[in-house]
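Written below as structure tokens is the structure these notes are about.
Note that these values count all heavy atoms, side chains included, but never hydrogens, waters or copies made by symmetry.
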Amino acid sequence: MRLDQMTRQAFTWELVAAAERIFGGRCSDDDFCYSSLWMVGLGKEAFGQAVLDPDALAGTPDVLRLAGRTWRFWAMTGPVGNRSAMWRWKPSGL
């Protein structure tokens with residue numbers, strides 16, 4: 001399956017709402033496009049679960065690392081909390 005076919009599966013209002021919740025209430029159209037790519041990076045199983053049940057994202061290690069952080073914090077530092085580590089971070093599903 002091609003990447004565009006995968007991400008198209010994520011274009012649901014339920015996943016938009018989940019992304020807004022994960023990102024602290026801020027999720028533009030571009031942010032959602034990027035988040036759908038990020039969801040694919042979580043791995044086949046996690047992505048498939050999220051498409052079926054967006055609440056399943058709450059239990060993924062990547063979302064748990066983002067929990068409690070404002071979007072400004074993690075947008076600047078990456079999910080692990082420091083700028084230099086951002087480039088070493090890899091989604092858990094890969």
Distance-only criterion, 3.5 Å: show the donor-acceptor pairs between side-chain atoms of residues 7-15 and protein atoms not counting sequence neighbours.
| residue | atom | partner | partner atom | Å |
| --- | --- | --- | --- | --- |
| Thr7 | OG1 | Leu3 | O | 3.2 |
| Thr7 | OG1 | Asp4 | O | 3.2 |
| Thr12 | OG1 | Leu15 | N | 3.1 |

Please lay out, stage by stage, how Val40 and Phe47 fare under the test side-chain contact (heavy atoms from CB on, under 4.5 Å).
CA-CA 6 Å; Val40 170; Phe47 179 78; 3.8 Å; yes
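Remark: Tyr34 engages no residue in a ring pair (Phe, Tyr, Trp, His ring centres under 6.0 Å) (not counting sequence neighbours). By the salt bridge (charged side-chain N to carboxylate O under 4.0 Å, His left out) test, Asp53 pairs with no residue at all, sequence neighbours left out.
At distances below 3.5 Å, not a single donor-acceptor pair connects side-chain atoms of Ser35 with backbone N or O atoms of Trp38.
A continuous path of hydrophobic side-chain contacts links Leu37 to Val63 [ILVMFWY only; heavy atoms under 4.5 Å].
Nearest heavy-atom pair across Leu57 and Ala18 is CD1-CB, 4.2 Å.
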